[in-house]
*Asks:* 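Sharing a structure, written as structure tokens. Questions coming.
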There are 2 protein chains.
Amino acid sequence: MMSNLKQLAQTLGLSITTVSRALDGYSDVAVVTRERVRAAAHAINYRPNSAARSLRRRKAETVAVTLPMEPGRFGPPVFLNMLAACSQRLAEEGLDLMLLPTAGRAAEMETYRRLVDGGRADAIIVVRTRLEDERVAFLKERAIPFVTHGRTARAHEHAFIDGDGEAGFREATRLLASLGHRRIAHISAPQDLTFAHLRRIGWHAGLAHENLPEALECAARPTEIGGYEATRWLLQQPSRPTGLLCATDSIAIGALSALKECGLVAGRDVAVIGHDNLPSAAFTDPPLSTMEIAAPDVGCQLAEMLIARLGGRDPRDLQTILPVRQVPRATHGRPN
Amino acid sequence: MMSNLKQLAQTLGLSITTVSRALDGYSDVAVVTRERVRAAAHAINYRPNSAARSLRRRKAETVAVTLPMEPGRFGPPVFLNMLAACSQRLAEEGLDLMLLPTAGRAAEMETYRRLVDGGRADAIIVVRTRLEDERVAFLKERAIPFVTHGRTARAHEHAFIDGDGEAGFREATRLLASLGHRRIAHISAPQDLTFAHLRRIGWHAGLAHENLPEALECAARPTEIGGYEATRWLLQQPSRPTGLLCATDSIAIGALSALKECGLVAGRDVAVIGHDNLPSAAFTDPPLSTMEIAAPDVGCQLAEMLIARLGGRDPRDLQTILPVRQVPRATHGRPN
DNA sequence: TTGACTTTCCAAAACGTTTCGGATGCACTG
DNA sequence: CAGTGCATCCGAAACGTTTTGGAAAGTCAA
């Protein structure tokens, strides 16, 4: 069923070499022959065997990304859209993007080894980056091209693309302060995740800039439940916050639910701001004030960086921090 | 950097054959040799080149699934969790699960061809199945093992796993009827998608069973916006429905938002029921009544079916319809 | 007619693995 | 000592492609 060059060559009365070169459009095969070959290949639905091709070419023509299945960074919708855009751009260069779900860090590292040492991928996208990231260390040691989505502690040494969550949270904090809030709490995601770390830094900087005192902070898993529980806790504290800066929209959605349960209305009694602008964020009650990366084409830019890295470009030329845009809706009013 | 059997054999003073067989645990290599080989392989982090291996073995040891990027079926969180579980089970059999994002049906079909005719995948998972599905037709013609997630019009001929959305919607309709609702509308997803078709059938059957008249129906994209717009429209109709059966939770979330905007409270003025039990469904206001597939291990079952298919089992023995469980929360009260 | 050049094609090697069909040496049997 | 059987190893072919280094035939100028 699966046809190959040999069959094709036999039916055409040509050599394997010529057929191969015809399909690849080399100039040393006659135009008429090339067209004849192409027609035949099309007729039998020939597709080159990818194992044989990448064995010979010594490259997989594939970019891989592992999908750690714990919650975090943005929720999949946004995230997958980014990867879809990335994949489209990569396809133009003849590169496949393949996603590999992994459960747990150990399994993820083993996948990395199979990918890299087994020659399954020519380049890698690292997502859900941590400040100290063993995957980045591994890839640097193996000297395989990669781009991280999110920075690391040693981001100056590798290619990355990231949103400026720090600035976003600084601005959001200052926005709340300018509205009169003085107790602006932060519900943070696990601090080993770089994005969570930076957003917390931004919140801190905003407080300092506005000469506000140290405010409450609560660590949470980046899920609705995490946000719900953190908010319940914050509301029980002696100096209850009037503003809630949530590391992610998922957290914020949980926070909204907790507020309602306590008879508080978001945007009037307590201000809430999230990050990511999830599709459902516009449909919460009240609609969630949030922020998002301003670029419409992160995935495409990510692809460009990968292509550049594969072309040998210096990773230090490939470091993009994208501005973050506030998406004000109804949950960030002045304190009453 | 990338080490291979030849190097390994040279440093060990053995033949490539023996090294290969030692690593694969054949019994015709001495125990002491085998251990020596394994130690050396471990030391240099040897991983077999996957292209060479699958070229020789004539199989890719890979199961593929394309991810169509339009919205639909369940939102990614649930969906990816299922695939992650599937991938874990497949890994136990030495199979990789790879996800390939695709944009548009044409691109998806081209990906299928590269996967199948190019020998990149030994089996395929079809998601977001349609009643008449060109992908299923293609795979059947090529006689490559596959399992669909969701049925097709010709489901009796192939392996599938699916939730019993029809029964779920029938029950939900009868539940609302038993609470006193008489005008139960349905917000449907595009009817070429099997799941949408079946849920609509279930709603219809429920109405018939309760001797309720034909009720309003509105087609929507399976997104929050779709649900929002459909609900706005339904509320403007002369005989406004008191119950809203939404094809998906995303739709239901949009519906909740529209109801609120019209000053109606869900669960009191209008009953709303969704499907999928998204993580955020527990955190809407009021918490969304919905339903979900009762099995905790759909992904794992899916993997088992793939393994069985790869083992040559008849697809007609591999057809699972999983029960759907109602998840009642606060949006399905009696009409006032 | 000869030589140089161009056009068009091809044989064979190589990529790294698995596997078939022995080969070698040794112990044991009769 | 010949014969048998076993334990351990290995050479070589094969998987399907790309690519190197020509070969063959035709064209053209001198």
Side-chain angles (χ1 to χ4, degrees), chain A residues 1-38 40-41 44-62 94 96 114-122, chain B residues 1-38 40-41 44-62 94 96 114-122:
Chain A
M1 186 97 266
M2 252 172 47
S3 47
N4 56 20
L5 283 184
K6 196 191 310 195
Q7 288 174 29
L8 210 45
Q10 245 151 18
T11 68
L12 285 165
L14 288 169
S15 77
I16 293 180
T17 305
T18 303
V19 175
S20 173
R21 309 195 61 124
L23 292 174
D24 272 8
Y26 278 70
S27 66
D28 70 349
V29 17
V31 188
V32 39
T33 315
R34 188 203 310 150
E35 291 314 319
R36 199 162 60 96
V37 170
R38 291 207 166 146
I44 66 168
N45 254 305
Y46 170 78
R47 292 288 183 295
N49 180 289
S50 85
R53 171 193 284 245
S54 49
L55 176 58
R56 172 62 227 226
R57 283 219 175 136
R58 320 203 62 184
K59 49 178 126 168
E61 327 255 359
T62 298
D96 272 334
R114 280 216 324 288
L115 286 174
V116 175
D117 295 333
R120 277 175 88 92
D122 303 325
Chain B
M1 187 97 264
M2 251 171 49
S3 46
N4 54 22
L5 281 185
K6 195 190 314 193
Q7 289 173 30
L8 210 44
Q10 244 150 17
T11 68
L12 285 165
L14 288 169
S15 77
I16 293 180
T17 305
T18 304
V19 176
S20 172
R21 307 197 65 137
L23 292 174
D24 272 8
Y26 278 71
S27 65
D28 70 349
V29 19
V31 188
V32 39
T33 316
R34 188 204 309 151
E35 291 314 318
R36 201 161 60 94
V37 171
R38 290 204 168 151
I44 66 168
N45 253 305
Y46 170 79
R47 293 289 184 294
N49 179 289
S50 85
R53 170 191 285 244
S54 50
L55 176 58
R56 173 61 228 228
R57 283 218 174 137
R58 321 202 62 183
K59 50 178 124 168
E61 328 256 347
T62 298
D96 273 333
R114 280 216 324 289
L115 286 174
V116 175
D117 294 334
R120 278 174 86 91
D122 303 325

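Note that the structure is predicted; figures quoted are calculated from it, not measured. Below, chain A is the first sequence line, B the second, and so on; all start at residue 1. All heavy atoms count here, side chains included; hydrogens, waters and symmetry mates do not.
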*Asks:* Using only modelled atom types and a 3.5 angstrom limit, is any donor from either the side chain of B:Asn4 or the base of C:dC15 paired with an acceptor on the other?
*Replies:* no
*Asks:* Could you check whether the side chain of B:Ser27 and the base of D:dA7 have a donor-acceptor pair of N or O atoms closer than 3.5 Å, going by distance alone?
*Replies:* no
*Asks:* Hey, is the side chain of A:Arg56 pairing donor to acceptor with the base of D:dT17 inside 3.5 Å?
*Replies:* no
*Asks:* Could you state the CG-P distance from A:Leu5 to D:dT19, rounded to the nearest angstrom?
*Replies:* 12 Å
*Asks:* Going by modelled atom types, is there a donor-acceptor pair between the base of D:dT19 and the side chain of A:Thr17 at under 3.5 Å?
*Replies:* yes
*Asks:* With a 4.0 Å cut-off on heavy atoms, is A:Ser54 in touch with a base, just the backbone sugar-phosphate, or nothing at all?
*Replies:* nothing
*Asks:* To the nearest Å, give me how far apart CZ (A:Arg58) and C1' (D:dT17) are.
*Replies:* 14 Å
*Asks:* Of all the choices, D:dG11, D:dT8, C:dG16, which nucleotide is nearest to the side chain of B:Ser15 once you look at every atom?
*Replies:* D:dG11
*Asks:* Please give, in whole Å, the distance from C:dC9 C1' to A:Ile16 CD1?
*Replies:* 14 Å
*Asks:* Determine: side-chain N/O of B:Thr33 to OP1/OP2 of D:dC9, distance under 4.0 Å, yes or no.
*Replies:* yes
*Asks:* Do A:Leu23 and A:Leu5 come close enough that some side-chain heavy atom pair is under 4.5 Å?
*Replies:* yes
*Asks:* Do B:Asn4 and B:Asn49 come close enough that some side-chain heavy atom pair is under 4.5 Å?
*Replies:* no
*Asks:* Is the shortest side-chain N/O distance from B:Tyr26 to OP1 or OP2 of C:dT19 below 4.0 Å?
*Replies:* yes
*Asks:* On DNA chain D, nearest-nucleotide positions of B:Arg57 versus B:Leu14: which is more 5'?
*Replies:* B:Leu14
*Asks:* Specify the separation, in whole Å, of atom CG of A:Asp28 and atom P of C:dC10.
*Replies:* 11 Å
*Asks:* Is any side-chain heavy atom of A:Ile44 closer than 4.5 Å to a side-chain heavy atom of A:Thr11?
*Replies:* no
*Asks:* In whole angstrom, give the distance that lies between atom CZ of B:Arg21 and atom C1' of C:dG22.
*Replies:* 12 Å
*Asks:* Below the 4.0 Å mark, does C:dG16 have OP1 or OP2 next to a side-chain nitrogen or oxygen of B:Tyr46?
*Replies:* no
*Asks:* Do A:Asn49 side-chain and D:dC15 base share a donor-acceptor contact under 3.5 Å?
*Replies:* no
*Asks:* Figure out the CZ/P separation between A:Arg53 and D:dC15, and round it to whole Å.
*Replies:* 19 Å
*Asks:* Can you check whether B:Ser50's main-chain N or O pairs, donor with acceptor, with B:Ser54's side chain at less than 3.5 Å?
*Replies:* yes
*Asks:* Rounded to whole angstroms, how far apart are CD on B:Gln7 and C1' on C:dT17?
*Replies:* 14 Å
*Asks:* For A:Ala60, is there any backbone N or O sitting under 3.5 Å from a side-chain donor or acceptor partner on A:Asp122?
*Replies:* yes
*Asks:* Would you say a side-chain N or O of A:Ser20 is under 4.0 Å from OP1 or OP2 of D:dT18?
*Replies:* yes
*Asks:* What is the separation between atom NZ on B:Lys59 and atom P on C:dT18, rounded to the nearest whole Å?
*Replies:* 12 Å
